[in-house]
Amino acid sequence: MKEQFLNDFEANQNIAHKICRIYTSNESDHNDLFQEITIQLWNNYSKFRGDAKFSTWMYRVALNTAISLYRKSTRTIKTQDISDVAFKIRSEDYDDTQEQQLKSLYKAIRGLSDIDKALVFLYLEDKSYKEISETLGISEVNARVKMNRAKDKLKKILNP
């Protein structure tokens, strides 16, 4: 069982990293959340029945873990993100437009509610509304409606 878990986890660990990036704003918090997600996945692996793909189950466990920890962290003091002031080497023809847009998008996503963050994340992962609804435990129609509302919120945040 341990070997199977390690194989499944290693093949899909980018899912956990992407969720960590959405729900955290610095490397230390990212590492803490990644560790907590890994622990929760291992603790619950015996309950994985294989009814859905491992990645779908992993999304659900990881998102639930991130949301739970995020709600607890809203009671803590916020600090500045180290990546905002980190030294970066740039070549002469380097265009950081895309990088800045990505940072703006992640910052906007962090401003959404927990369920909206999860919806946007799964949408950006090119998951179908059926997969999104299964992962979040909501109806497909509800997932579409919530996604459209989340898109509107992001537009307002990014284009005030």
Side-chain angles (χ1 to χ4, degrees), residues 4-84 86 99 101-140 142-158:
Q4 184 62 43
F5 172 77
L6 290 174
N7 289 337
D8 289 341
F9 182 77
E10 287 177 6
N12 294 285
Q13 71 175 315
N14 61 333
I15 293 170
H17 283 294
K18 290 174 184 176
I19 290 171
C20 291
R21 185 167 183 183
I22 288 177
Y23 283 90
T24 63
S25 59
N26 62 55
E27 187 176 349
S28 175
D29 290 343
H30 178 107
N31 292 337
D32 289 346
L33 180 56
F34 183 82
Q35 181 178 7
E36 186 61 31
I37 288 170
T38 305
I39 290 168
Q40 291 302 317
L41 287 167
W42 171 246
N43 287 341
N44 291 293
Y45 190 66
S46 61
K47 298 174 188 169
F48 175 60
R49 298 182 309 259
D51 295 343
K53 293 188 291 187
F54 177 81
S55 60
T56 301
W57 176 78
M58 185 174 179
Y59 277 119
R60 188 171 203 143
V61 172
L63 283 168
N64 286 337
T65 302
I67 289 169
S68 295
L69 290 178
Y70 176 77
R71 286 182 179 157
K72 290 178 189 174
S73 74
T74 56
R75 296 182 211 126
T76 61
I77 298 171
K78 299 289 181 194
T79 58
Q80 184 176 3
D81 184 0
I82 190 71
S83 66
D84 291 341
E99 184 179 330
Q101 289 172 339
L102 191 58
K103 280 186 176 184
S104 295
L105 178 62
Y106 274 107
K107 185 176 180 181
I109 291 171
R110 278 191 219 99
L112 297 175
S113 70
D114 294 338
I115 190 74
D116 288 346
K117 283 181 195 176
L119 280 162
V120 170
F121 170 72
L122 293 170
Y123 181 81
L124 291 174
E125 287 291 302
D126 288 329
K127 298 298 176 188
S128 68
Y129 283 109
K130 183 176 187 215
E131 289 175 298
I132 292 172
S133 67
E134 289 172 358
T135 302
L136 298 178
I138 59 177
S139 72
E140 194 172 336
N142 196 5
R144 288 178 190 276
V145 170
K146 286 182 177 288
M147 188 63 229
N148 285 330
R149 289 179 183 159
K151 285 179 188 178
D152 290 341
K153 290 176 189 174
L154 283 174
K155 285 177 188 173
K156 288 178 184 173
I157 292 170
L158 294 170

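As a basis for the values below, the full set of heavy atoms in this structure was taken, side chains included, without hydrogen atoms, waters or symmetry mates.
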A.B. asks: Taking C-beta and beyond as the side chain, do Gln35 and Ile39 meet within less than 4.5 Å on heavy atoms?
C.D. replies: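 Contact flag for Gln35/Ile39 side chains = yes.
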
A.B. asks: Would you say Arg49 and Trp57 make side-chain contact, with heavy atoms under 4.5 Å?
C.D. replies: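 No, too far: nothing below the 4.5 Å cut-off.
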
A.B. asks: Can you find a pair of side-chain heavy atoms, one from Ile22 and one from Arg110, that are under 4.5 Å apart?
C.D. replies: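 Side chain of Ile22 against side chain of Arg110, heavy atoms only: no contact under 4.5 Å found.
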
A.B. asks: Please say whether more than 12 non-hydrogen atoms of neighbouring residues, nucleotides or ligands are located less than 6.0 Å from OH in Tyr129.
C.D. replies: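 Correct, the count exceeds 12.
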
A.B. asks: With a 4.5 Å limit on heavy-atom distance, are the side chains of Met58 and Leu41 in contact?
C.D. replies: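 Result yes, sub-4.5 Å side-chain heavy-atom pair found.
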
A.B. asks: May I ask you to decide if the ring planes of His17 and His30 are parallel, tilted or perpendicular, using 30° and 60° as cut-offs?
C.D. replies: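 If you compare the ring of His17 with that of His30, the planes turn out parallel.
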
A.B. asks: Can you check whether Ala52's main-chain N or O pairs, donor with acceptor, with Thr56's side chain at less than 3.5 Å?
C.D. replies: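 Not at all, since once roles are kept as given, no pair shorter than 3.5 Å links the two residues.
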
A.B. asks: Please report the shortest heavy-atom distance between Ala143 and Leu119, naming the atom on each side.
C.D. replies: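 Shortest heavy-atom contact: O-CD2, 4.0 Å.
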
A.B. asks: Could Asp116 and Lys146 be called an ion pair, given the rule that one side-chain N must be under 4.0 Å from one carboxylate O?
C.D. replies: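 Salt bridge flag = no for Lys146 with Asp116.
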
A.B. asks: Which pair of non-hydrogen atoms, one from Ile109 and one from Lys117, has the smallest distance, and what is that distance?
C.D. replies: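 In this case the closest contact between Ile109 and Lys117 is O-CG, 3.3 Å.
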
A.B. asks: How would you list, by chain and number, every residue that makes a salt bridge (charged side-chain N to carboxylate O under 4.0 Å, His left out) with Lys107, sequence neighbours excluded?
C.D. replies: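 Lys107: no salt bridge (charged side-chain N to carboxylate O under 4.0 Å, His left out) contacts found.
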
A.B. asks: Counting only heavy atoms not in Lys155, do more than 12 fall under 6.0 Å of its NZ?
C.D. replies: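 Result for NZ/Lys155: open.
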
A.B. asks: Which value, rounded to the nearest 0.5 Å, describes the distance between Arg21 atom CZ and Leu33 atom CG?
C.D. replies: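 The CZ atom of Arg21 sits 14.0 Å away from the CG atom of Leu33.
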
A.B. asks: Using atom types as modelled and distance alone, determine if a side-chain donor or acceptor of Asn26 lies under 3.5 Å from a backbone N or O of Asp29.
C.D. replies: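 Yes; judged by distance alone, with no hydrogens or angles, the pair exists.
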
A.B. asks: To the nearest 0.5 Å, tell me how far Glu134 CD sits from Lys127 NZ.
C.D. replies: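 Those atoms lie 11.0 Å apart.
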
A.B. asks: Quick one: closest heavy-atom pair of Ala62 and Ile19, and the distance?
C.D. replies: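 Closest approach of Ala62 to Ile19, heavy atoms only: CB-CD1, 3.4 Å.
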
A.B. asks: So, Tyr23 versus Phe121, ring centres under 6.0 angstrom or not?
C.D. replies: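 No.
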
A.B. asks: Take Phe5 and Phe48 through the test ring pair (Phe, Tyr, Trp, His ring centres under 6.0 Å) and record every step on the way to the result.
C.D. replies: CA-CA 10 Å; Phe5 172 77; Phe48 175 60; over 10 Å; no

A.B. asks: What's the spacing between Ile157 CD1 and Ser104 OG if we round to 0.5 Å?
C.D. replies: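 These two atoms lie 11.5 Å from each other.
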
A.B. asks: To the nearest 0.5 Å, what is the distance between CD on Gln40 and OG on Ser68?
C.D. replies: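 It comes to 8.0 Å.
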
A.B. asks: Could you tell me which non-hydrogen atom of Phe9 sits nearest to which non-hydrogen atom of Thr38, and how far apart they are?
C.D. replies: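 Scanning both residues completely, I find the closest heavy atoms to be CZ-OG1, 3.4 Å.
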
A.B. asks: For residues Ser28 and Asn31, is any side-chain donor paired with an opposing acceptor at under 3.5 Å?
C.D. replies: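 No, because no side-chain N or O of Ser28 sits under 3.5 Å from a partner of the opposite role on Asn31.
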
A.B. asks: Verify, without hydrogens or angle tests, whether Asn142 (side chain) and Ile138 (backbone) share a donor-acceptor contact under 3.5 angstrom.
C.D. replies: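 No.
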
A.B. asks: For Tyr59 and Glu131, test the side chains for any donor-to-acceptor distance below 3.5 angstrom and give the result as yes or no.
C.D. replies: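 Result is no, nothing qualifies.
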
A.B. asks: If you apply the rule side chain to side chain contact (heavy atoms under 4.5 Å, CB included), what do you find for Met147 with Val120, and how did you get there?
C.D. replies: CA-CA 7 Å; Met147 188 63 229; Val120 170; 3.8 Å; yes

A.B. asks: Between Leu105 and Leu158, does the side chain to side chain contact (heavy atoms under 4.5 Å, CB included) criterion hold? Intermediate values first, please.
C.D. replies: CA-CA 7 Å; Leu105 178 62; Leu158 294 170; 4.2 Å; yes

A.B. asks: Roughly how far, to the nearest 0.5 Å, is the CG atom of Asn14 from the SG atom of Cys20?
C.D. replies: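 Here the rounded value is 11.5 Å.
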
A.B. asks: Rounded to the nearest 0.5 Å, what separation is found between the OH atom of Tyr106 and the CD atom of Gln101?
C.D. replies: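 Interatomic distance, Tyr106 OH to Gln101 CD, rounded to 0.5 Å: 13.5 Å.
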
A.B. asks: Taking all non-hydrogen atoms of both residues, which atom of Leu136 and which atom of Arg60 are closest, and how far apart?
C.D. replies: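 The answer is C-NH2, 4.0 Å.
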
A.B. asks: Within a strict 4.5 Å, meaning less than it, do heavy atoms of the Ile15 and Ser55 side chains meet?
C.D. replies: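 A side-chain contact exists here, since the closest heavy-atom pair is under 4.5 Å.
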
A.B. asks: Between Ala16 and Ile37, which heavy-atom pair has the shortest distance, and what is it?
C.D. replies: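 For Ala16 and Ile37, the tightest heavy-atom pair comes out as CB-CG2, 4.0 Å.
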
A.B. asks: Classify the side-chain pair Asp8/Tyr45 by whether it contains a donor and acceptor separated by less than 3.5 Å.
C.D. replies: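 Tyr45 and Asp8 do have a side-chain donor-acceptor pair below 3.5 Å.
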
